Amino acid sequence: MESKAADGGDKTAGNEAVPSHFIRNIVSEDLKQGKNGGRVHTRFPPEPNGYLHIGHAKSICLNFGLAAEFGGMCNLRFDDTNPSKEDIEYVESIKEDVRWLGFDWGDREFYASDYFAQLYDFAIQLIQSGKAFVCDLNAEQMREYRGTLTEPGKNSPFRDRSIDENLDLFRRMRAGEFPDGSRTLRAKIDMASPNINMRDPVMYRVLRASHHRTGDAWCIYPTYDFAHGQSDSIEGITHSICTLEFEDHRPLYDWFLDQLSIHHPQQIEFARLNITHTVLSKRKLLQLVQQEYVDGWDDPRMPTLAGFRRRGYTPEAIRNFCERIGVAKRNSVVDIAMLEHCLREDLNKRAPRVMAVLRPIKVVLENYPEGQIEELDAVNNPEDPAMGTRKIPFSRVFYIEQDDFREEPPKGFFRLSPGKEVRLRYAYIIKCVGVDKDPVTGAIQELRCTYDPETKSGSSRSGRKVKATIHWVSAAHAVEAEVRLYEHLFTKEDPEDVPERSDWLANINPNSLERLTSCRIEPYLVDAKPGSRYQFERLGYFCVDSEESPPTKLVFNRSVSLRDMWAKKEKTVGDSRRNRS
RNA sequence: UGGGGCGUAGCCAAGUGGUAAGGCACCGGUCUUUGGAUCCGGCAUUCGUAGGUUCGAAUCCUCCCGCCCCAGCCA
């Protein structure tokens, strides 16, 4: 990661100046005042119990971004203190995703479990100073003693055990003498605290679960509250950035560090990301996967980084998105259109253009010589001349998009219809002179057209203009492909917006995936590599699926559609017409 | 009715006593062999509400209203 001047504001994303945010201001101010000896050291601390999603990307960009910006470092630390939910599969995927996003933790790959021995010693220290005790209350009893939001709790009957007894009991907990859940080690703070987290919180529980790293070496595990701050401290973290729900834990975070008199990082909280038309909680994402509403964690409809990657999103687009949405303490829901915009903006500059017909109608050019083939020049990317040109074969029979023909064109439709003309991109102006239909079903079988030889693209012989240019693919040269179109996973902006006695699953969009299996793409793409991204002209950005696209049959995922003024106009015209009647 | 936070446009979000940045969305127009992109213009007389302080308030003070989080031996 490169280091830049530590000057706070005026960071750029694209070409726009992006204002600073409160966390950047805090770090900047700390540096100015010489805190932490001029060091900035952050960490990204996921629990390996699921795949990373775009909400994590916000945190990753924040933590790694701040470190890079101020010449500091950012650790990757797995917060693996609850073996019953965690798995090595998740740590692998997390590493892959952070790397894919473009960040590098160097040799600083840490695990809270690396510190189990040290944490145990810290616990002993607290017992010795009379600040922790072993409690025999079971979970239910502990709840009763805890009190409620409005009533203080009561001291545990075991709170006043002697230091020696506590030491002995804690060692025996660790030695495996007591069953799961029978005893806990608790901090001795204040059962009457208005902050429930300070009511003698649990530091250790007895739990016989095999840990993905430490195996069966331990049968007691530290809780988040006891492990997190001390892990931060051990690693020399300066700014411990987490989400809003931990605000109430900060006094406890500070308490442990103060009692232990060890390096004291500053915890800073920000609002987690929410996005319209999707869910962003591990629990719900897990449910979508397990109940097979989607195809797995990397289903292109999933808001996971693995899903976005397979969908064709670029790390740059996601990073830019994270920069643009800002960092604040206000709970908010970002419009998914913002994310889509970031992808289009990026791909517009770098994706080669290509022609593909998703829902083909056959067209025969009656006045074009049979057997003749022309090689037409096509620009690979009008935004970037350096990407060069390619040849596209043109012949008498080709396919166009069903949407580009209307037998009875509505007002404002200026594509092909009987007697009307359009330009074929990079080729000629054609006119529709006939429509062949199945005599039984009435379905359109093919269009009869004629072309004007004077109108070839690039030639100056004709100054003729037509209102529309459509894409096409020569029938004889077309490569057949499958294209998967995706829509939002949920029909409502807020998936939780449901009628009484229904839940978020009721808002799953039944049409979030559409598979088109007889698409025709230009031959230029026969050898397209998995993961490569293209713009299908006039349709959107697509990438070759990295899982199911063997050489024999190409499978494309639509990453995002192009903005479509006509579709929008037609929809609003349709809506107002419907409203009038 | 306890504690901790947060209220600036349809959605994000700057702003920290000197007269409301920027982005997304949306609406016009320009240009165009992608109804794409680009470019240009529009989009908060007002910052949850009501008072107060001040020459001057989104910024300071007070009341009120609304929303979020916390009663796991999850993180």
Side-chain angles (χ1 to χ4, degrees), chain A residues 9 13-14 16-21 45-47 49 79 81-82 84-85 135 137-139 142-143 146-153 180-186 193-199 201-207 220-221 223-225 227-228 242-251 269 271 276 282 324-342 344-345 348-349 353 355 379 382-383 412-415 422-427 429 455 457-458 465-471 493 535-540 561-570:
Chain A
E16 295 100 29
V18 172
S20 197
H21 51 70
E47 183 189 12
N49 67 346
D79 219 339
T81 56
N82 184 4
S84 58
K85 287 187 177 176
C135 182
L137 255 27
N138 63 32
M142 202 179 293
R143 195 181 322 121
R146 187 156 34 228
T148 68
L149 294 177
T150 52
E151 298 156 338
D180 286 11
S182 61
R183 283 185 227 255
T184 56
L185 180 72
R186 297 224 259 162
S193 173
N195 180 346
I196 290 181
N197 294 296
M198 300 299 270
R199 318 237 265 228
V202 171
M203 296 164 59
Y204 270 91
R205 70 273 209 183
V206 181
L207 176 61
I220 59 172
Y221 291 94
T223 57
Y224 164 86
D225 284 311
H228 202 92
C242 61
T243 44
L244 250 28
E245 66 270 27
F246 293 104
E247 229 161 358
D248 287 344
H249 293 242
R250 190 179 349 125
E269 312 84 11
T276 58
K282 278 190 189 171
R324 284 189 194 210
I325 56 176
V327 177
K329 299 192 72 151
R330 181 187 335 184
N331 289 311
S332 61
V333 184
V334 176
D335 194 332
I336 197 164
M338 182 95 89
L339 216 207
E340 294 170 344
H341 167 82
C342 290
R344 289 191 189 103
E345 182 181 64
N348 177 46
K349 289 178 296 192
R353 268 114 259 217
M355 291 203 284
V379 174
E383 303 292 317
F413 182 87
F414 38 81
R415 275 111 94 150
V422 287
R423 172 172 288 283
L424 256 20
R425 171 134 248 221
Y426 298 122
I429 290 176
T455 58
S457 280
K465 296 236 181 219
V466 286
K467 274 195 160 175
T469 298
I470 65 174
H471 59 276
E493 276 194 12
Q535 183 196 96
F536 289 180
E537 291 215 40
R538 302 207 306 132
L539 298 174
S561 64
L562 247 30
R563 290 184 71 216
D564 186 345
M565 296 308 275
W566 165 244
K568 192 180 292 176
K569 195 197 244 172
E570 194 179 33

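All values below were derived from every heavy atom in this structure, side-chain atoms included, with hydrogens, water molecules and symmetry-related copies excluded. Since this is a predicted model, take the numbers as computed values, not measurements. Below, read A as the first sequence line, B as the second, and so on, with proteins coming before strands; counting in each chain starts at 1.
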Next item on the list: Please assess A:Arg353 against A:Val379 for the test side chain to side chain contact (heavy atoms under 4.5 Å, CB included), listing each intermediate value before the final yes or no.
Entry: CA-CA 8 Å; A:Arg353 268 114 259 217; A:Val379 174; over 6 Å; no
Next item on the list: Check the pair A:Ser84, A:Asn82 against side-chain hydrogen bond (donor to acceptor under 3.5 Å, both in side chains), reporting the backbone distance first and the verdict last.
Entry: CA-CA 6 Å; A:Ser84 58; A:Asn82 184 4; 2.7 Å; yes
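With rounding to whole Å, A:Arg423 atom CZ is found 14 Å from B:U32 atom P. Rounded to an integer number of Å, the gap from A:Leu339 CG to B:C24 P is 14 Å. Between the P atom of B:C31 and the NZ atom of A:Lys467 lies a distance of 14 Å, rounded to the nearest Å. Here the P atom of nucleotide B:A25 and the CD atom of A:Glu493 are 14 Å apart, to the nearest Å. A:Glu340 has its CD atom 15 Å from the C1' atom of B:G36, to the nearest Å. In this entry the distance linking CG of A:Leu244 with P of B:C68 reads 13 Å, nearest Å. Rounded to whole angstrom, the span from the CG atom of A:Asp79 across to the C1' atom of B:A75 amounts to 7 Å. In this structure, the CG atom of A:Asp335 is 8 Å from the P atom of B:A25, given to the nearest Å.
Of the side-chain N and O atoms in A:Arg538, one or more sit less than 4.0 angstrom from OP1 or OP2 of B:G35. Considering only side-chain N and O atoms, A:His471 lies nowhere under 4.0 angstrom from the phosphate OP1 or OP2 of B:U34. In terms of phosphate contacts, A:Ser332 brings a side-chain nitrogen or oxygen within less than 4.0 Å of OP1 or OP2 of B:A13. Regarding contacts with the backbone of B:C24, every side-chain N or O of A:Arg344 stays at 4.0 angstrom or more from both OP1 and OP2. Residue A:Arg425 places none of its side-chain N or O atoms closer than 4.0 Å to OP1 or OP2 of B:G35. For A:Arg250, no side-chain nitrogen or oxygen approaches OP1 or OP2 of B:C69 to under 4.0 Å. Within the structure, every side-chain polar atom (N or O) of A:Lys329 is placed at least 4.0 Å from both OP1 and OP2 of B:C68. Under 4.0 angstrom from either OP1 or OP2 of B:G3 there lies no side-chain N or O belonging to A:Ser193. OP1 or OP2 of B:C73 has at least one side-chain nitrogen or oxygen of A:Arg146 nearer than 4.0 Å.
Under the Watson-Crick or G-U wobble criterion, with both distances below 3.5 Å, B:U53 is left unpaired in every strand shown. Across all strands shown, the partner of B:G41 is B:C27, judged by Watson-Crick or G-U wobble contacts whose two distances both fall under 3.5 Å. Partner assigned to B:A71 is none, using Watson-Crick or G-U wobble distances below 3.5 angstrom. Using N1 to N3 plus N6-O4 or O6-N4 for Watson-Crick, or N1-O2 and O6-N3 for G-U wobble, each under 3.5 Å, B:C6 pairs with B:G66. The partner of B:G22 is B:C12, judged by Watson-Crick or G-U wobble contacts that both fall below 3.5 Å.
Remark: the backbone N or O of A:Val202 is paired with a side-chain donor or acceptor of A:Thr223 at under 3.5 angstrom. A distance-only check finds no donor-acceptor pair linking the side chain of A:Thr184 to the backbone of A:Arg186 [under 3.5 Å]. Side-chain atoms of A:Arg344 come within 3.5 Å of backbone atoms of A:Ser561 as a donor-acceptor pair (strictly under, hydrogens ignored). Remark: side-chain polar atoms of A:Asn195 are paired, donor with acceptor, to backbone N or O of A:Asp248 under 3.5 angstrom. Side chain of A:Asp564 to backbone of A:Ala567: a donor-acceptor contact under 3.5 angstrom is found.
Distance check: A:Arg425 CZ to A:Arg423 CZ gives 10.0 Å after rounding to the nearest 0.5 Å.
Each of A:Thr223 and A:Trp566 has a nearest nucleotide on RNA chain B; the 5'-most of these lies closest to A:Trp566. The 5' end of RNA chain B is approached more closely, in terms of each residue's nearest nucleotide, by A:His21 than by the other of A:Pro382 and A:His21.
The same atom, C1', is picked in B:A13 and in B:G18; the two are 23 Å apart, to the nearest Å. To the nearest whole angstrom, the two C1' atoms, one in B:C24 and one in B:U32, are 24 Å apart. Going from the P atom of B:C70 to that of B:C64 covers 25 Å, rounded to whole Å. The gap from the C1' atom of B:U59 to that of B:G2 amounts to 30 Å, rounded to the nearest Å. Rounded to a whole angstrom, the distance from the C1' atom of B:U45 to that of B:C40 is 25 Å. Going from the P atom of B:C74 to that of B:C65 covers 38 Å, rounded to whole Å. A gap of 36 Å separates the C1' atoms of B:G42 and B:U54, to the nearest Å. Nucleotides B:U46 and B:A9 are separated by 13 Å at their P atoms, to the nearest Å.
When distances are taken from the side chain of A:Asp248 to each of B:G36, B:C24, B:C70, the shortest belongs to B:C70. Here the side chain of A:Arg324 is nearest to one of B:C24, B:U34, B:A75, namely B:C24. Minimum atom distance to the side chain of A:Ile196 is reached by B:A71, of the listed B:A71, B:U34, B:A14. With B:G35, B:G2, B:A37 as the candidates, the nucleotide lying closest to the side chain of A:Pro194 is B:G2. Closest to the A:Leu562 side chain, of the nucleotides B:C73, B:U34, B:C24, is B:U34. Candidate nucleotides B:C69, B:A75, B:A71 were compared by shortest atom distance to the side chain of A:Thr148, and B:A71 ranks first. Checking B:U34, B:C12, B:G2 against every side-chain atom of A:Val334, the shortest atom distance belongs to B:C12.
For A:Gln535 against B:U34, a side-chain N or O and a base N or O form a donor-acceptor pair under 3.5 Å. Evaluation of atom-type donor-acceptor distances gives no pair under 3.5 Å for the side chain of A:Glu245 against the base of B:G5. Between the side chain of A:Arg563 and the base of B:G35, no donor-acceptor pair under 3.5 Å is found. Between the side chain of A:Asn195 and the base of B:G4 there is no donor-acceptor pair of N/O atoms closer than 3.5 Å.
Residue A:Val466 is classed as having no contact, given no heavy-atom separation below 4.0 Å to the nucleic acid. Using a 4.0 Å heavy-atom cutoff across all strands shown, A:Ala328 reaches sugar-phosphate atoms only and no base atom. Among the heavy atoms of the strands lying under 4.0 Å from A:Phe413 is at least one base atom, whether or not backbone atoms are also near.
Shown here, B:G72 is classed syn by the O4'-C1'-N9-C4 or O4'-C1'-N1-C2 angle, which is within 90° of 0.
For A:Phe413 and A:Trp566, the ring centers sit closer than 6.0 Å to each other.
Counting heavy atoms from C-beta on, the side chains of A:Glu47 and A:Lys85 come closer than 4.5 Å.
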